[in-house]
Amino acid sequence: MVSMNKNIRVRFAPSPTGYLHVGGLRTALYNYLFAKHNGGKFILRIEDTDQSRKVEGALENLIRTLKWAGLEYDEGPDKDGNCGPYIQSERLPIYRQHALDLIKNGNAYYCFCTPERLDDVRKKQTELKRSFSYDRHCREIPLGEAEQRIAAGEKYVVRMKVPLTGEMTFEDAIRGKVTIAYKVLDDQVILKSDGFPTYHLAVVVDDHLMGITHVIRGEEWLPSAPKHLLLYRFFGWDAPVLAHLPLLLNPDKSKLSKRQGDVAVEDYRSKGYLKEAIVNFVAFLGWNPGDEREVFTLDQLIHDFSLERVGKAGAVFNVEKLNWLNQQHIRLLSDETLAEMFRPMLEVKGIRISDEAYFLRVIGLLKEKLTFPQDFGEYSTYFFEEPKTYEEAGIQKYWEPETSQRLTRLAEVFDAVEEFSHTAIETVMKRLADELQIKTSKLIHPARLAVSGKQVGPSLYELMSVLGKETVVRRLRAASKAMKTS
RNA sequence: GCCCCUAUCGUCUAGAGGCCUAGGACACGGGCUUUUCAAGCCUGGAACACGAGUUCGAAUCUCGUUGGGGGCACCA
């Protein structure tokens, strides 16, 4: 049940790369679900501390997609909650001050190594088949000397002073105890020479200042978690609960990437996937309610979500199941909602709806057949205009020499029917089949072809009753004639 | 190379020592719906990576091996 823990605050902190990655959507979703389930706050923060990666319009697009998916945040760039700004590039003085604090208390130091020198070190280490880590060349430069060099205009970065020995053990909410030795960590740059912080500094400072209680993020951050925890300790702050989510994978099990298909939420959106389906699908990549329910709305997810039920192993993004969920969620939408979704599809085909009630009946008839909303445009045209052609394969399969005559007879008997209902149609067709001493299917298949031009579709009796007597009779006669002469 | 994480059907997963000759879903095969399928129903095949322990008993606990993934930037 929803406990009203007002103190819970989580955040989704993407870097604005131009589009929302489905993995990012899942991270955002889990944060959102966790917050909403617990009556807490969900915050959007933009991590744009890499100036070289700036993308025009990325922020707007990100926000639009997040809102489209239904993940409304309580605080963010365009929604203040007294913890702003929520864009890191607008918080530079804060990071600088905190970096200086760390220098003052001896937990960080100025480093003057040039990128060239670091390259050299890296190369040598690679030759020796050793992993790269900074050789701590500047770690012992006295503070006074460093400050003089800065005053003289020398370029510098600030690095955190990682202990040389010992290890960090912490409790991950998903993985349990994780231990990493300090010696495998290097003295991470926390403030770059352009004055921007690196992720490691910014994330810790902001999470603390914004009162974040639970950090729910991708597994790729697990190895650097000790650095963050160390920074909390250096600052004298309590660390939030950490929860590292398993990764989303390509079919070949590598980290989900652009190379192997669509990764942008926008791509799926434009292909006709419903937000409900995408959200439902992505939620189930790493989480499940523990019973056999599979189709969930966002509200149901909020109700049932818990971090305890999040798995540890990576999950392959499998489109087949997403398709199925899309179909399920289309059925869950009301006919009226679908009407607004389908209307434009018909309009581009030059079809304007004049009879709303009729439109809704057509939707009711077809909605169970749809995997994508756009399928409606394809399956429904004969409800709005005369079939222009008859599917060739259908003619081959169902049209016999006697068919034209039979359909003419069918038109005649239909003409005499008072109430053109589903049941009346069925009765009349079966009676005629008896009379002609043929199987009903000898009438049914050609009639469908005549009336819709297609071989497949919803129940023929219902289809005909929706079309109405006039139309059905007219089309039967037209087809009968067309086939006879051909 | 080093470090960390991880391991049940093709895929998503249930399973927290006996309820498991391992359950569900997607996909796939077969059948039914004396009307189609693109819907529905029924049905079939399909998995505990391996090896040692612990235990009366292990998919479940421990260790190791192997496989997979991630990380090791003045990127996030």
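Small disclaimer: the values here were computed from a predicted structure and weren't measured. In the text below, chain A, chain B and the rest are named by the order of the sequence lines, each starting its count at 1.
- Pair assignment for B:U54: none, as no Watson-Crick or G-U wobble contacts are both less than 3.5 Å.
- Near RNA chain B, defined here as any heavy-atom distance below 4.0 Å, the residues from residues 360-369 of chain A are A:Glu368, A:Lys369, listed numerically.
- Ionic pairing of A:Arg409 and A:Glu435 is present here: one or more N-O contacts between side-chain nitrogen and carboxylate oxygen are shorter than 4.0 angstrom.
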Polar pairs (N or O, both sides) under 3.5 Å between protein and nucleotides 64-71 of chain B?
| unit_1 | atom_1 | unit_2 | atom_2 | d |
| --- | --- | --- | --- | --- |
| B:G70 | OP1 | A:Lys255 | N | 3.0 |
| B:G71 | OP1 | A:Lys255 | NZ | 3.2 |

Can you give me the N/O atom pairs linking the protein to nucleotides 26-29 of chain B at distances under 3.5 Å, or say none if there are none?
| unit_1 | atom_1 | unit_2 | atom_2 | d |
| --- | --- | --- | --- | --- |
| B:C26 | OP1 | A:Trp324 | NE1 | 3.4 |
| B:C26 | O2' | A:Glu320 | O | 3.4 |
| B:C26 | O2' | A:Lys321 | N | 3.3 |

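- Both tests do not hold together for A:Arg309 against A:Phe305: distance to the six-membered ring centre under 6.0 Å, angle to the ring axis within 45°.
- A:Lys161 contributes no side-chain N or O that, together with a main-chain N or O of A:Tyr109, makes up a donor-acceptor pair within less than 3.5 Å.
- Applying the Watson-Crick and G-U wobble criteria (two distances, each under 3.5 Å), B:C26 pairs with B:G10.
- Taking the charged nitrogens against the carboxylate oxygens, A:Arg117 and A:Asp135 do have a contact shorter than 4.0 Å, which makes a salt bridge.
- Ion pair A:Lys430/A:Glu426 flagged as a salt bridge, since at least one NZ, NE, NH1 or NH2 atom sits closer than 4.0 Å to an Asp/Glu carboxylate oxygen.
- Here B:A14 is the nucleotide among B:U6, B:A14, B:A38 with the atom lying nearest to any side-chain atom of A:Asn288.
- Ion pairing between A:Arg11 and A:Asp207 holds under the 4.0 Å rule for side-chain N and carboxylate O.
- Put simply, CZ on A:Phe196 is 14 Å from C1' on B:A76, counting in whole angstrom units.
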